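Here the structure is laid out as structure tokens; the discussion comes afterwards.
If you're wondering where the values come from, they're calculated on a predicted model, not measured in any experiment. What's counted below: heavy atoms across the whole structure, side chains too, no hydrogens, waters or symmetry copies.
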Amino acid sequence: MYEAFRTFVEAEGLIADGDRILIALSGGPDSMALCDLLCRLRQDRPITLMAVHLNHQLRPGAGAEALAVTAYCRQKQVPLVYGTCQVRRLAAKEKIGEEAAGRQARRQLFQQVMARWGLSKVALGHHADDRAETILFNMMRGAGVRGMAAMPPQRGPIIRPLLFARKDALVAYCQARGLAFALDETNTDTGYTRNRIRQDLVPLMEGINPAAVRHMNQMARHLQELTDLVEDQMLVPLMDQASPVIAGEIAFPRPLLQDQPPYVQKAILTRLRQVLTAGEGTFNAYQLNTVIDVLNSLQNDKTIDGGCIKVYIEKTHIVLSDATQQEKGLLADLWQPQLGEPLRLPTWPGYFLVSRTAPAAPSLWDFFLPDDRPLWVRTRQAGDVIRRPGLGHQALKKVFQAQHISHRLRARWPMICDQAGQVMWIPGLAKSDEALFNERNHAKTGIYIRAEFNDVTNH
């Protein structure tokens, strides 16, 4: 087993000298075999190992399993991080299944541990049977090429060094090495779809073709070669056109995306989400198809709910926004500008700079604030108006419409108000008559505030 493990790891380029690897250690035979094999590899190559165990608090025996894992790691001199999560409660809160909630909790814990300890990779105990079951599960959900190329040996920091092995071979390895392991009794519960696939569908397929699992893994490898080709030849150059992530958003030129075939469109959307969320979560087929339909239509300024990701389809760009980072609005806050200290707002792709020097040419992006005048910054509120020369009180909605500001940005656009709450300045869009008067009154002293705006979709 060890020689086959080492051959697979080297052939796939999964581990390099100096790697700092986090082992996802559940205590089952798969992860115990993985940890033991990596400990043996550590004797031959300069790598650093750390393990992480998450108690999902779903089974009575989970506490005993955690103790067994702790004892094993102590014996093997592998540092262990132990975490707990009430997965059932998380599932109810997020309105997802317990399996999905468990994956979410594990993923978050892995990210935290890797960041805290400077680890470069996380090793998972998925094997050939897991990959075949996932292929069947994805197929029944109407997955595309990426879904059918499930569980690649490596994707980002995730490595799967056991994909060469079958489940029964890993159990036999643990027994031969004297490794204690736990068996999850929920794996026999056919209330879970994956368990029904494992217990009913896979044996049926192997009854027709004993090599069914091996052939499904071969198919996944062939499809992975295809996705790698598309990645290298098309996605990498196209992703150079994506904006950087600013204020929890990433944008891509809509006309360029419209010019791509549907498969590439979906792949770009998937990649944009991965960049935005550091690889966490995916769009389901319905969400992707909905986005593609609107993208290729004549509709503008449309919002599509992708769960924790909002997709805004605008005239020139498609924008993915991390809803977990966005706020509904910025409450009025007294700002005391300081020279040389920019003010950055969490949900607006820009910032304010403060200076004593007047701009060479006044513009709507600059604002003069007389000395000893309080200044409040907030986002728009119901009924907001701005008093403008020759126009009287103008509703902010009309200001935004005249400047073609998308609905996505309107609720987040900052404005400067006086102590009474009257809007004095909407950066880049409008100034009140009082603000313009102060700007022309050279007898007054004060500071100059300049707004910098970095959103590519409104340039």
Counting distance only, does the side-chain N/O of [X] pair as donor-acceptor with the main-chain N or O of [Y] below 3.5 Å?
{"X": "Trp413", "Y": "Ile405", "value": "no"}
{"X": "Gln287", "Y": "Asn284", "value": "yes"}
{"X": "Asn209", "Y": "Ala211", "value": "yes"}

Please check if the number of heavy atoms outside [X] that lie under 6.0 Å from its [atom1] is greater than 12.
{"X": "Lys167", "atom1": "NZ", "value": "yes"}
{"X": "Arg89", "atom1": "CZ", "value": "no"}
{"X": "Arg196", "atom1": "CZ", "value": "no"}

Just by distance, with hydrogens left out, do [X] and [Y] show a side-chain donor and acceptor under 3.5 Å apart?
{"X": "Asp366", "Y": "Ser363", "answer": "yes"}
{"X": "Arg160", "Y": "His126", "answer": "yes"}
{"X": "Thr134", "Y": "Arg194", "answer": "yes"}

Problem - Intermediate values then yes/no, side chain to side chain donor-acceptor pair (under 3.5 Å), Arg166 and Asn217 - result: CA-CA 11 Å; Arg166 296 291 302 270; Asn217 275 264; over 6 Å; no
Exercise for the section: Name all pairs fulfilling the salt bridge (charged side-chain N to carboxylate O under 4.0 Å, His left out) condition that reach into residues 133-150, sequence neighbours left out, sorted by first residue then second. Expected result: Glu133-Arg198
Problem - salt bridge (charged side-chain N to carboxylate O under 4.0 Å, His left out): pairs with one or both residues in residues 171-182, sequence neighbours excluded - result: Asp36-Arg177
Exercise for the section: Look at the aromatic rings of His53 and Tyr82 and report parallel, tilted or perpendicular, splitting at 30° and 60°. Expected result: parallel
Practice task
Please round to the nearest 0.5 Å and tell me the distance separating atom CD1 of Ile318 and atom CD of Gln258.
Solution key: 9.0 Å
Handout entry: Pair Trp365 and Phe352, ring centroids less than 6.0 Å apart
Key = no
Fill in the blank from the handout: Paired with Met216, the side chain to side chain contact (heavy atoms under 4.5 Å, CB included) test is passed by just one of Arg221, Met139, Met148, Met205, namely Met205
Fill in the blank from the handout: Smallest heavy-atom separation, Leu90 atom then Cys85 atom, equals CD2-SG, 4.2 Å
Problem - Qualifying residues under side chain to side chain donor-acceptor pair (under 3.5 Å), relative to Tyr351, sequence neighbours excluded - result: none
